[in-house]
Amino acid sequence: MSGMELAIDRGRLMERIDALARIGAIDGTAGCCRLALTDDDRAGRDLVVGWMRDLGLEITVDGIGNVTATMSSPAGSPVMTGSHIDTVATGGRYDGNLGVLAGLEVIETVIAGEIELARPLGVAFFTDEEGARFPPDMLGSLVFAGGMPVEEALAVEDAHGVTVGDELERIGYRGGAPCPARPPHAFVELHIEQGPVLEIEDRTIGAVTGVQGISWTEVTISGQSNHAGTTPMSMRRDPALVASEIAVFVHRLALEMGEPQVATVGRIDLHPNLVNVVPARATLTVDLRNTDEALLQKAEAALAGRLVELADEHGVEIDTRSLARFEPVVFDPAVVDLVVDVARARGHDPLRMPSGAGHDAQMLARVCPSGMIFVPSRDGISHNPTEHTDPDDLVAGANVLLHTLIALATDDPEEGRS
Ligand code: GLV
Ligand code: MN
Ligand code: MN
């Protein structure tokens with residue numbers, strides 16, 4: 001069978017997406033809550049590992065819980081795909097899950113079609129990509145690629161002081177395979193765009209050129225807790241007010257800097273969080289992103305300067321802690337070109353575009369030629385249960401992934417792209 005006639009099985013892909021989305025389903029929505037290393041994450045992992053086993057793949061679990069399934073032949077370092085199956089607490093059913101299940105589907109299609117390859121294909125799901133429970137995001141793939149020692153990652157705590165290591169043990173996914181892992185031959189991840197660009201441009205396929213830099217900071221503001229009725233406004237040292245000032249400041253900063261700078265205050269916790277008490281403390285997160293490292297540093301410096309001013313103006317103490325910091329990543333131009341060529345050969349008009357969201361592929365890019373394929377997100381909505389992608393687009397993306405991986409795995413190893 002010629003490679004270009006081969007196509008993935010739409011029904012099987014959609015059934016697996018549905019089955020995985022039932023685990024941690026958010027009632028009354030199509031979305032999911034499967035935070036990393038929870039019981040629901042374990043159930044999702046068990047389901048996907050069962051499918052990997054059914055295909056006769058060689059399965060490894062490494063010291064940070066990344067699960068890799070590889071064809072047992074031919075020999076050699078695999079051409080890999082994959083993504084994550086953890087979600088944010090208000091997640092959709094496609095973010096991450098699509099990349100894992102499409103990868104599984106590609107491998108099943110190649111096995112069933114008896115396609116001869118020079119290298120095996122592998123599919124992985126990486127631990128805690130979202131970072132919503134255990135920051136930083138992309139934790140598992142960061143360790144996989146050697147960007148953080150596994151011991152350091154195992155010691156990361158959630159908001160309740162529970163560690164990654166304890167939770168991995170508890171759910172039975174602390175494996176023995178080494179991490180960092182041996183680099184694959186190449187890595188390509190299929191993902192929903194999670195933004196509005198493909199829909200606006202009326203394109204089905206994005207050939208992702210890179211990922212913007214990410215800077216997450218937790219800011220803790222300590223002031224004077226006091227009675228809301230009796231404390232004169234002039235005598236207040238109010239952390240809630242300062243938290244609001246920070247949210248307004250970073251929003252205006254991003255507008256002033258212009259695209260592609262974005263800024264988000266996604267979490268604010270007040271203590272004691274009572275209607276008639278000036279809070280003692282506010283803790284908030286600031287997420288800054290830019291495709292340009294120098295501009296991202298400029299935004300970080302502006303925030304740091306403003307925090308010093310606010311501490312002085314309001315008589316509060318402000319402490320900061322970095323939760324994540326990743327420089328912008330540029331994907332391998334040969335892999336990006338290959339995605340464009342494969343998409344065109346299948347009748348698409350692909351758009352070269354950067355990613356606004358973080359992805360496991362940006363970590364794999366440290367160790368092997370890497371790239372990504374995007375499919376549209378309805379109304380650009382993601383990290384929200386209403387996240388949706390048209391099934392035709394899911395299938396189109398999976399077929400571009402299929403032929404991209406086959407091309408990478410059939411190159412003459414002596415003259416391979418890498
Ligand atoms: C991870 O998914 C992120 O972009 O926040
Ligand atoms: Mn994702
Ligand atoms: Mn996500």
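FYI, side chains are in, hydrogens and waters are out, and symmetry mates aren't considered; it's all heavy atoms of this structure.
- Taking a cutoff of 4.0 Å between a charged side-chain nitrogen and a carboxylate oxygen, Arg12 and Glu105 qualify as a salt bridge.
- A distance-only check finds no donor-acceptor pair linking the side chain of Thr81 to the backbone of Val123 [under 3.5 Å].
- Taking the six-membered ring for Trp and the full ring otherwise, the centers of His359 and Phe374 sit less than 6.0 Å from each other.
- The main-chain N or O of Gly213 is never found under 3.5 Å from a side-chain atom of Glu327 such that the two would form a donor-acceptor pair.
- Under the 3.5 Å distance criterion, with hydrogens and angles disregarded, no donor-acceptor pair is assigned to the side chains of His227 and Asn276.
- A donor-acceptor pair under 3.5 Å is formed between the side chain of Arg236 and the backbone N or O of Ala228.
- No more than 12 heavy atoms of other residues, nucleotides or ligands lie within 6.0 Å of CZ in Arg281, so this atom counts as exposed by the packing criterion.
- Of the N and O atoms on the side chains of Tyr173 and Asp62, not one donor lies less than 3.5 Å from an acceptor on the other residue.
- Separation of atoms CG (Leu295) and CG (Asn290) is listed at 5.0 Å; rounding is to 0.5 Å.
- The backbone N or O of Arg366 sits nowhere less than 3.5 Å from a side-chain atom of Ser370 that would complete a donor-acceptor pair.
- Salt bridge absent: Asp40 and Arg34 never bring a charged side-chain N and a carboxylate O closer than 4.0 Å.
- When each of Leu284, Asp319, Leu310 is paired with Ile221, the side-chain contact (heavy atoms from CB on, under 4.5 Å) condition holds for Leu284 and for no other.
- A distance-only check finds a donor-acceptor pair linking the side chain of Glu199 to the backbone of Asp379 [under 3.5 Å].
- Between the side chain of Arg289 and the backbone N or O of Val262, no donor-acceptor pair lies under 3.5 Å.
- Interatomic distance, Asn384 CG to Gln194 CD, rounded to the nearest 0.5 Å: 11.5 Å.
- Taken to the nearest 0.5 Å, the CG atom of Leu351 stands 11.0 Å off from the OG1 atom of Thr204.
- The 12-atom threshold is exceeded at CZ of Arg170, counting heavy atoms of other residues, nucleotides or ligands nearer than 6.0 Å.
- Distance alone, capped at 3.5 Å, places no donor-acceptor pair between the Asn226 side chain and the Val278 backbone.
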Just do the side-chain contact (heavy atoms from CB on, under 4.5 Å) check on Asp360 and Phe125 with the steps written out, would you?
CA-CA 9 Å; Asp360 294 308; Phe125 58 83; over 6 Å; no
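- Glu313 CD: more than 12 foreign heavy atoms inside a 6.0 Å radius.
- A cation-pi arrangement is not found for Arg325 relative to Trp216, the charged atom failing to lie both closer than 6.0 Å to the ring centre and inside a 45° cone about the ring normal.
- At a cut-off of 3.5 Å, with distance as the only test, no side-chain donor of Glu58 or Thr70 sits close to an acceptor on the other residue.
- Panel note: side chain Thr209, backbone Met353; a donor-acceptor pair is recorded below 3.5 Å.
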